[in-house]
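Computed from a prediction, not measured in an experiment: that's the story for all the values here.
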Amino acid sequence: AYISIEVLIALVSVPGNILVIWAVKMNQALRDATFCFIVSLAVADVAVGALVIPLAIIINIGPQTEFYSCLMVACPVLILTESSILALLAIAVDRYLRVRIPIRYKSVVTPRRAAVAIAGCWIISFLVGLTPMFGWNNLSKMRRTQELNSSHTEFVIKCQFETVISMEYMVYFNFFVWVLPPLLLMLLIYLEVFNLIRKQLNKKVSSNSSDPEKYYGKELKIAKSLALVLFLFALSWLPLHVLNCITLF
């Protein structure tokens, strides 16, 4: 059942997000900073469907493998989850700037700065996701448990996520530093975005000005859609992190 659901998600995720990328490529009107960040998010989701889900199925089967080989199978999901979170955060900040400084927005959020922000998001994602490869993992714990003194290359285990990834890393570093704070920050940003739009719409309605009302009405629709994406992302991932906290504590 688990493998069937994973395969179904992959079959929906990959073509769906490829269509998002294709739509932005083909439509000149969509080539602004917001949609650059959405493309970055779509790329991460394509990689989840094409790479991470097959790796997750392998981990679910639990083959016998060398410790660091298993770690390499487990880390991509950490990289791409973090990439999705940072892309969502960049989108939220972009929407905030659109409604906070609409006149100066295009001079502040240039394509170059958007590209630098996207590159920064991916670099941070790789650093966060590959931290277990740098040493914060369960190798020493497993060696103590199994009382083995062999070299790393001879250390063969049943490859499962919890076997190689430290739960302290998942809770204290991944969740408490790189998942929960960005999600809370995004929540505050969207609340402020809706507040600013509401104030502007009330102001423009009272002054009978139609163009700004149209602008902020459009921004409200986009903000609602993106806030829904954020809500569904949190709904999908927070239960897992809560379970990790329960497991650790």
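Both Ile61 and Ile165 are part of a single hydrophobic cluster, where members link through side-chain heavy atoms under 4.5 Å apart. Residues Phe249 and Leu180 share a single hydrophobic cluster, defined by chaining ILVMFWY side chains whose heavy atoms lie under 4.5 Å apart. Put simply, Ile222 and Leu196 are part of the same group of oily side chains (I, L, V, M, F, W, Y) that touch within less than 4.5 Å, one to the next. Cluster membership check: Tyr190 shares its hydrophobic cluster with Leu185, using side-chain heavy-atom separations under 4.5 Å among Ile, Leu, Val, Met, Phe, Trp and Tyr. Ile57 and Val48 fall within a single hydrophobic cluster, where Ile, Leu, Val, Met, Phe, Trp and Tyr are joined by side-chain heavy atoms under 4.5 Å apart, directly or via other members.
Closest heavy-atom contact between Ala44 and Ser83: CB-OG, 3.8 Å. Nearest heavy atom pair, residue Thr163 against residue Phe67, reads O-CE1, 4.3 Å. Here the closest non-hydrogen pair linking Pro15 and Ala10 is CD-O, 4.1 Å. Scanning both residues, Cys70 and Ile157, for their nearest heavy atoms gives CB-CD1, 4.2 Å. Residue Glu82 comes nearest to Val179 through the heavy atom pair OE1-CG2, 4.4 Å, listed as atom of the first residue, atom of the second, then distance. The shortest heavy-atom contact between Ser107 and Thr110 is O-CG2, 3.5 Å.
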Show your working on side-chain contact (heavy atoms from CB on, under 4.5 Å) between Ser40 and Trp122 and close with a plain yes or no.
CA-CA 9 Å; Ser40 178; Trp122 279 99; 2.9 Å; yes

Using side-chain contact (heavy atoms from CB on, under 4.5 Å), reason through Ile38 and Val24 one step at a time and then give a plain yes or no.
CA-CA 9 Å; Ile38 288 174; Val24 174; 5.5 Å; no

Taking it one step at a time, do Phe35 and Asn27 satisfy side-chain contact (heavy atoms from CB on, under 4.5 Å)?
CA-CA 11 Å; Phe35 287 97; Asn27 193 334; over 6 Å; no

Would Phe194 and Leu220 count as a side-chain contact (heavy atoms from CB on, under 4.5 Å) if you check the C-alpha gap in whole Å, the side-chain angles of each, and the deciding distance to 0.1 Å?
CA-CA 7 Å; Phe194 288 128; Leu220 181 62; 3.7 Å; yes

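Heavy-atom contacts from other residues, nucleotides or ligands closer than 6.0 Å to CE of Met167 number more than 12. Within a 6.0 Å sphere centred on CZ of Arg100, heavy atoms belonging to other residues, nucleotides or ligands number 12 at most. Phe231 CZ: 12 or fewer foreign heavy atoms inside a 6.0 Å radius.
Side-chain contact between Ile3 and Val7 is present, with heavy atoms from C-beta onward closer than 4.5 Å. Val229 has its side chain within reach of Leu88: a pair of non-hydrogen atoms, C-beta onward, lies under 4.5 Å apart. When side chains are defined from C-beta on, Trp237 does not count as touching Leu183, because their heavy atoms never get closer than 4.5 Å. Val99 is not listed as a side-chain neighbour of Tyr105, based on a closest heavy-atom distance of 4.5 Å or more. Put simply, the side chain of Cys159 does not reach to within 4.5 Å of the side chain of Gln64, judged on heavy atoms. Taking 4.5 Å as the limit, every side-chain heavy atom of Asn244 sits out of range of all side-chain heavy atoms of Tyr169. Residues Gln200 and Glu219 fail the side-chain proximity criterion, which asks for heavy atoms closer than 4.5 Å. Counting heavy atoms from C-beta on, the side chains of Arg98 and Thr34 come closer than 4.5 Å.
Ring geometry, Tyr172 versus Phe176: the interplanar angle exceeds 60°, so the pair is classed perpendicular (tilted spans 30 to 60°). The aromatic rings of His241 and Phe175 lie parallel to each other, with less than 30° between the two planes, well short of the 60° mark.
A side chain to side chain contact (heavy atoms under 4.5 Å, CB included) with Val128 is found for one member of Asn174, Ile85, Leu86 and no other, namely Asn174. Considering Leu71, Ile79, Leu78 in turn, Ile79 is the only one that fulfils the side chain to side chain contact (heavy atoms under 4.5 Å, CB included) rule with Leu130. Under the side chain to side chain contact (heavy atoms under 4.5 Å, CB included) test applied with Thr131, the options Phe126, Trp178, Trp136 reduce to a single match, Trp136.
Between the side chain of Ser69 and the backbone N or O of Thr65, no donor-acceptor pair lies under 3.5 Å. A donor-acceptor pair is defined here as one N or O able to donate and one able to accept, closer than 3.5 Å; no such pair exists between the side chain of Gln160 and the backbone of Glu162. Side-chain atoms of Asn202 come within 3.5 Å of backbone N or O of Arg198 as a donor-acceptor pair. Here the side chain of Ser13 pairs a donor or acceptor atom with the backbone of Asp45 at under 3.5 angstrom. Distance alone, capped at 3.5 Å, places no donor-acceptor pair between the Ser166 side chain and the Asn137 backbone.
Using a cutoff of 4.0 Å between basic side-chain nitrogens and carboxylate oxygens, Arg113 and Asp94 are not scored as salt-bridged.
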